[in-house]
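Each remark here refers to the structure printed beneath this line.
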Amino acid sequence: MTETANTALLTLASLACERDDRVLFSGLTMQARAGEIWQITGANGAGKTTLLRILVGLHGFYEGRCQWAIPRLQEELLYLGHQPGIREELSAEENLRFACALNGQAGDLMSALQAVGLRGFEDVPAAHLSAGQKRRIALARLWLSRKRVWVLDEPYTAIDQHGVESLDACLQSAAGQGTLVIYTSHHRVDGRVRRLHLAGGQAEVVS
Amino acid sequence: MLWKTIKRGYHQLGSPRYFYRFSSAVLPWLTPIALITFVVGIVWGLAFAPPDYQQGNSYRIIYIHVPASSGALMGYVAMGIAGMVAVVWRMKMAEIMIKAIAPFGAALTAISLVTGALWGKPTWGTYWQWDARMTSMLILLFMYIGVIALQNAIRDPRQAARAAGLLAMVGVINVVIVKYSVEWVNTLHQGSTLKLVGESTINPAMKYPLLISMLGTWLLYAVNVMVRARTEILSRERRSGWVKQLVAAGGR
Amino acid sequence: MVFDSFADFLAMGGRGVYVWTAYGISAVVIVASMVQAVRQSTVMRDTLARQARRQQQTENTHESGT
Amino acid sequence: MRAFRATLMRELLLLWRNPAEIINPLFFFVMVVSLFPLAISPEPKQLALVAPGVVWVAALLAVMLSMDGLFRRDQESGVLDQLLTAPVLPVIPVSAKLLAHWLMTGLPLVLVSPLLGHMMQLPTLALEPLMLSILLGTPSLTVVGAIGAALTVGLNRGGILLAVLVLPLYIPVLIFGAGAVTTAVQGGPVDGVLAVLGALLALTLSLGPLAVAAGLKISSGN
């Protein structure tokens with residue numbers, strides 16, 4: 001599949017998912033292109049996290065089709081899950097260095113940690129950090145070498161006002177450079193954001 | 001042309017709905033045939049086969065012991081294969097089969113152990129002897145229990161089936177290794193293993209009933225698997241139209 | 001018949017206890033597994049039927065209600 | 001390779017940072033072995049008879065019990081999801097984790113086993129085969145145990161279930177492991193038995209990690 005500017009990076013065709021005999025969502029059809037920012041909204045338990053896990057290939061039990069135009073998605077994917085994905089025994093810097101080695105990311109760790117406001121906390125074991133600070137260790141990867149697809153689960157939780165603005169700027173700059181950003185949150189980055197709402201088993205593209 | 005039929009066959013084989021229709025047609029005549037074959041084999045072995053010149057009549061337990069052992073072993077191997085198909089090719093029908101094959105396999109393993117022990121008492125004086133065959137069968141029972149326990153521990157039916165499938169795949173390799181390691185450990189501790197008296201010198205008059213009761217056991221196994229598979233299909237496809245329609249009509 | 005009489009058949013040359021216990025237990029286990037399989041199937045069909053009927057009722061009251 | 005080395009270093013660091021995961025299996029091993037002289041009899045001849053089996057069963061249980069925590073904390077903290085969505089094949093970081101885990105839990109058992117063998121009145125000529133058999137056996141136990149751990153990682157009370165799944169798969173390694181020591185005690189040739197143990201190890205190392213990676217994918221819902 002050749003990837004020109006306007007062909008869809010991600011195509012969902014009547015995607016449906018069931019859990020514990022309950023239809024989470026069904027009939028989800030959409031196309032996402034490089035450079036777009038998608039906001040996924042819905043009540044707790046509406047299946048937002050499950051949808052993201054389907055997109056990144058963690059969850060395989062669904063009906064319908066989920067197609068990426070990128071042959072080896074995982075090399076171009078930056079996924080921040082529902083859990084921060086860091087170990088409490090390790091310090092912020094150790095966690096970040098391991099995440100970069102695992103995901104093949106490079107970049108200046110210190111400036112990334114500073115961007116998320118963790119300057120001075122680099123070698124504090126994560127166990128002593130607050131929940132918000134733990135999440136921000138994972139977020140620091142957004143400031144490292146760029147990937148073409150960002151899938152972020154609730155990036156804005158436990159982020160203070162200053163953090164929200166810098167995160168908005170970061171998402172917008174990444175989208176500007178052609179990254180497809182898909183995130184779940186109640187916060188809207190800006191007017192250009194395309195929205196997908198999950199409610200009552202239905203999924204519809206709002207804008 | 002050939003490739004198209006294989007492809008269509010593969011898809012049909014893979015679709016639970018087709019299997020449900022196929023089993024609805026097959027079960028009504030397969031069940032009586034299975035029962036008749038089984039009973040004929042057993043009665044022939046019990047009443048008409050000649051007594052063994054050494055063991056007398058206690059050897060007649062063979063007509064349930066050997067079929068049960070072979071059914072248990074083949075059942076686990078079948079589960080391993082279904083597991084591979086489910087894990088590697090993600091075929092829904094294979095997942096359903098894993099769940100359907102396990103229970104009767106465990107039942108046959110238990111039967112094999114009990115009948116083996118009851119046969120051992122009059123022949124060698126003890127119910128349990130840790131000889132190679134019986135120990136392998138005991139370990140096979142543990143592995144069946146492992147697969148069933150894993151399946152019941154996981155809530156999502158597809159994930160449970162696939163996890164059990166992977167375990168069954170690993171288990172099949174283990175069955176082979178256990179067979180040889182148990183035989184080796186017997187030579188280590190007891191000198192020569194005690195060969196089952198009479199099995200090697202089985203004369204035709206004893207062999208035919210054994211083959212028939214074995215065939216009967218396998219046919220019963222097939223019936224049991226089909227019935228369980230149908231239940232699993234209904235449970236998994238409850239949301240699809242054809243199940244709703246079938247249930248509403250209260251059809252067989 | 002290899003045995004002279006039915007009583008002889010039951011005695012099995014003194015080994016009847018072992019032979020018949022073995023077959024008795026086997027029969028019980030096989031029948032139990034078969035019965036359980038069939039029962040599960042009917043129980044599944046009944047629950048699905050009941051669910052379908054309940055859904056049908058909620059839809060009817062829903063339509064008549066609006 | 002970078003991911004393998006990074007995971008290996010991280011795992012060793014993690015295990016170093018909470019020593020309980022290293023000490024507990026070791027204490028368990030020593031304690032279980034020392035139960036038997038009290039339970040059976042302190043009389044040397046009887047102890048030497050059961051020694052190979054006792055030491056081996058205790059080692060097996062120690063390794064199995066240490067399996068439970070292998071993936072659990074990674075799964076809870078979300079690191080497992082990162083591992084499964086990383087550009088590198090999951091089997092590479094998983095193998096690094098298994099190697100680190102064996103170095104920190106299996107190897108100590110090997111070092112302590114001659115001491116326990118001695119405590120169980122094993123003849124000194126059998127101590128070296130004991131060490132060798134545990135050296136060759138525990139990696140297989142770790143990898144096979146990890147398959148069970150991967151399949152039960154998401155379940156809340158996975159511990160007992162892990163034992164039910166994994167013990168039947170442990171039996172061949174136990175038979176040849178304890179058998180090697182018994183053969184040594186009887187004065188027979190040990191090399192053949194150790195060779196079989198080595199063959200089992202080769203089989204487990206080649207297929208095991210793939211099965212563990214597949215198990216993790218299945219547990220994460222795929």
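All values below were derived from every heavy atom in this structure, side-chain atoms included, with hydrogens, water molecules and symmetry-related copies excluded.
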* Minimum side-chain heavy-atom gap Asn222(D)-His59(A) below 4.5 Å -> no
* Pick one of side chain, backbone, both or neither for Arg97(A), based on which atoms fall under 4.5 Å of a heavy atom in chain D. => neither
* Asked: Between atom CG of Leu58(A) and atom CG of Leu80(D), what is the distance when rounded to the nearest 0.5 Å?
  -> 8.5 Å
* To do: Give, as side chain, backbone, both or neither, the part of Arg141(A) having an atom under 4.5 angstrom from any heavy atom of chain D.
  => side chain
* Structure fact -> Taken to the nearest 0.5 Å, the spacing of Leu73(A) CG from Thr85(D) OG1 works out to 9.5 Å
* Asked: Pick from Ala6(D), Ala86(D), Pro93(D): which one has the most heavy-atom pairs with chain A under 4.5 Å?
  -> Ala86(D)
* Would you mind checking which part of Leu84(D) comes under 4.5 Å of any heavy atom in chain A, side chain (CB onward), backbone (N, CA, C, O), both or neither? => both
* For each of Pro84(A), Gly81(A), Ala101(A), tally heavy-atom pairs with chain D at distances under 4.5 Å, and name the one with the top tally. => Ala101(A)
* **Region of Ile86(A) that comes under 4.5 Å of a non-hydrogen atom in chain D** => backbone
* Side-chain donor-acceptor pair under 3.5 Å between Gln83(A) and Asp81(D), yes or no? -> no
* To do: For each of Val88(D), Thr7(D), Leu14(D), Leu83(D), tally heavy-atom pairs with chain A at distances under 4.5 Å, and name the one with the top tally.
  => Leu14(D)
* Between CD on residue Gln82(D) and CG on residue Asn95(A), distance to nearest 0.5 Å -> 10.5 Å
* Do you know the tightest heavy-atom contact between Pro87(D) and Glu75(A)? -> CB-CG, 3.6 Å
* Residue part contacting chain D, namely of Phe98(A), when any heavy atom lies under 4.5 Å -> side chain
* Do other residues, nucleotides or ligands put more than 12 heavy atoms under 6.0 Å from Glu76(D) CD? -> yes
* Asked: Is the number of heavy atoms from other residues, nucleotides or ligands within 6.0 Å of CG (Leu111(D)) greater than 12?
  -> yes
* To do: Would you mind telling me which of Glu94(A), Glu89(A), Arg87(A) makes a side chain to side chain contact (heavy atoms under 4.5 Å, CB included) with Arg10(D)?
  => Arg87(A)
